[in-house]
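All remarks here apply to the structure that follows.
On a predicted model such as this, the values are computed, not experimentally measured, just so you know. Every number for a ligand or one of its atoms is a count from 1 in the order of the listing.
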Amino acid sequence: MPDPSRRKVILGLTGGIAAYKAAELTRQMAQNGIEVQVVMTAAACGFITPATMQALSGNPVYTDMWDARVSDNMAHIELSRGRDAIVVAPATADFIAKLVHGLADDLLSTLCLARECPLLVAPAMNRQMWDNPATQRNVSQLKRDGVVVLGPASGDQACGEIGMGRMLEAEEIVQALSAFLAPKLLNGVRALITAGPTFEPIDAVRGITNQSSGKMGYAVACAALEAGARVTLISGPVSLPAPAGAQITRVETAAQMFEAVKRHVAHTDIYIGVAAVADYRVDKPRQHKIKKTDEAQLQLKLVPNPDILGWVAGRPKPPFCVGFAAESRNLDEYADQKRRRKKVQLMVANLAQEAIGADDNEVTMLDDAGMHRLERAPKLVVARQIVAHIARLYSSKKKRKS
Ligand code: PMT
């Protein structure tokens, strides 16, 4: 299935020391399914080479208005056609001033002036340049002109000083860009998402858990936020930061996850169960650490946990329900059986041994219309495609009802 979330962006580099961060930025954009066309000013080429940027973006780099590779000598117009955005990172104080005044004396500034797509800039400069009233006036004007200003951040600067003016990190720029570009397919929709493992105590210090890292569930939460959803995330014990904009409740056990879901479900349009919930818990966990004895065996009695997804889907007026199934074999068959048994509209199947803990994933989505395979990709890229599919199913269900 082609990736509908693939975006095309021009990344403009201007001449500041933060240009070195553009290498990582390009790599992360590509990882997030964004096709990057790099354009550099002459000053940027003094900080990082076009060859480096070409290798990382996989596309020839443009630096000159009169580049002979553009047959009609219209590089300043041609390059931005069909692009979803221009991102200038780093954007120097000088380049920001040029944008404000509509100056167009090189390829990048001309592209910005002649663009039809949105413009985002990530300022990077010394703190005094940033604080200067001229820069502050210019940045305010840029915002009034509809340009999106990302950052800057405060911290250590290349000049040895500390203060405002550091360019945002690559990850932060990619996140902001992805959210900006994402079609708002779930605008205002309330999504309740579970993620991570559960931890079922045996005694005061031991427990039963699994290797779920939470990466897939958190990626689904980020993708839903990008799509405009209001996200409540119920998370098992993981070491990931909360996705910006999500309302998060952290739990340990399946019983706690169930209670948290019960509290929120009445205000939910879409429920997505990504958590690897323990099917069993220890009956009467010991309050204190179990001491080692000479007994040959130690027996633990396990009792079943509630099926949270099954309970949500079985409510009188259930939200649109999505489950995840991790299987170690017979993936499609077992996942479809689970979909029917739990009566959910969509089941997302992945191979447990390849999905758990990994940074990327390959999934099959199973619904009434059949099976849809998604190629192996970083979990956020996969999550965006899953969310786009959920949005399609959800809106056609709503249309049928109305
Ligand atoms: O966290 P990562 O490291 O990124 O790994 C992601 C993942 C592999 C854990 C994830 O993609 C995934 O597959 N999650 C579901 C794990 C699973 O096998 O679930 P299950 O087959 O036991 O359950 C099927 C569905 O019922 C799931 O939606 C689960 O959340 C839900 N369930 C299960 C048991 C239970 N007691 N209550 C539930 O709600």
Side-chain angles (χ1 to χ4, degrees), residues 191-200 208-223 233-240 243 250-262 264-265 268 270-281 302-315 318-367 374 376-383 385-387 390:
L192 180 58
I193 299 169
T194 65
T198 60
F199 179 90
E200 310 299 330
I208 300 173
T209 186
N210 59 67
Q211 290 175 315
S212 168
S213 62
K215 289 177 193 167
M216 193 67 233
Y218 278 54
V220 171
C222 287
L233 179 62
I234 315 285
S235 173
V238 299
S239 53
L240 300 173
R250 296 192 188 268
V251 297
E252 295 266 316
T253 64
Q256 290 166 357
M257 189 172 272
F258 190 29
E259 286 311 309
V261 167
K262 280 193 210 162
H264 289 97
V265 75
T268 295
I270 299 179
Y271 177 82
I272 311 175
V274 196
V277 185
D279 287 322
Y280 294 90
R281 67 178 184 278
L302 300 180
V303 292
N305 269 328
D307 180 342
I308 305 171
L309 176 63
W311 179 84
V312 174
R315 280 169 61 83
F320 183 92
C321 284
V322 181
F324 271 62
E327 306 290 347
S328 58
R329 64 197 172 106
N330 301 340
L331 182 62
D332 298 344
E333 183 192 334
Y334 289 169
D336 204 43
Q337 283 170 6
K338 252 179 211 171
R339 179 178 78 91
R340 288 167 198 279
R341 192 174 67 245
K342 301 207 184 206
K343 296 191 173 63
V344 297
Q345 285 85 353
L346 179 67
M347 187 60 83
V348 182
N350 45 201
L351 269 177
Q353 58 273 36
E354 290 180 11
I356 292 194
D359 287 336
D360 42 40
N361 202 1
E362 182 181 338
V363 306
T364 303
M365 299 186 289
L366 300 110
D367 56 30
L374 300 180
R376 178 163 285 278
K379 282 182 172 166
L380 184 56
V381 174
V382 174
Q385 295 172 72
I386 294 170
V387 164
I390 292 172

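D360 places no side-chain N or O within 3.5 Å of a backbone atom of R376 that could act as its donor or acceptor partner. Judged by distance alone, with hydrogens and angles left aside, the side-chain atoms of K215 form a donor-acceptor pair with the main-chain N or O of G357 at under 3.5 Å. With hydrogens and angles disregarded, no donor-acceptor distance shorter than 3.5 Å links the side chain of N361 to the backbone of A377.
Residues that satisfy the salt bridge (Lys or Arg N to Asp or Glu O under 4.0 Å) test with E252, not counting sequence neighbours, are absent from this structure. Checked against salt bridge (Lys or Arg N to Asp or Glu O under 4.0 Å), R315 has no partners two or more places apart in sequence or in another chain. By the salt bridge (Lys or Arg N to Asp or Glu O under 4.0 Å) test, D332 pairs with R373, sequence neighbours left out.
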Are there any protein N or O atoms under 3.5 Å from the N or O atoms of ligand 1? List them with distances, or say none.
| residue | atom | partner | partner atom | Å |
| --- | --- | --- | --- | --- |
| ligand 1 | 1 (O) | S212 | OG | 2.6 |
| ligand 1 | 1 (O) | S213 | N | 3.1 |
| ligand 1 | 1 (O) | G214 | N | 2.8 |
| ligand 1 | 3 (O) | S213 | N | 2.8 |
| ligand 1 | 3 (O) | S213 | OG | 2.6 |
| ligand 1 | 3 (O) | G357 | N | 2.6 |
| ligand 1 | 4 (O) | S213 | OG | 3.4 |
| ligand 1 | 4 (O) | K215 | N | 3.4 |
| ligand 1 | 4 (O) | M216 | N | 2.8 |
| ligand 1 | 4 (O) | K379 | NZ | 2.7 |
| ligand 1 | 11 (O) | N350 | OD1 | 2.7 |
| ligand 1 | 13 (O) | N350 | ND2 | 2.9 |
| ligand 1 | 14 (N) | V274 | O | 2.8 |
| ligand 1 | 18 (O) | A326 | N | 3.2 |
| ligand 1 | 21 (O) | K338 | NZ | 2.2 |
| ligand 1 | 26 (O) | K342 | NZ | 2.9 |
| ligand 1 | 28 (O) | G273 | O | 2.6 |
| ligand 1 | 28 (O) | F324 | N | 3.0 |
| ligand 1 | 28 (O) | F324 | O | 3.3 |
| ligand 1 | 30 (O) | A275 | O | 2.7 |
| ligand 1 | 36 (N) | P306 | O | 2.9 |
| ligand 1 | 37 (N) | I308 | N | 3.1 |
| ligand 1 | 39 (O) | I308 | N | 3.3 |
| ligand 1 | 39 (O) | L309 | N | 2.7 |

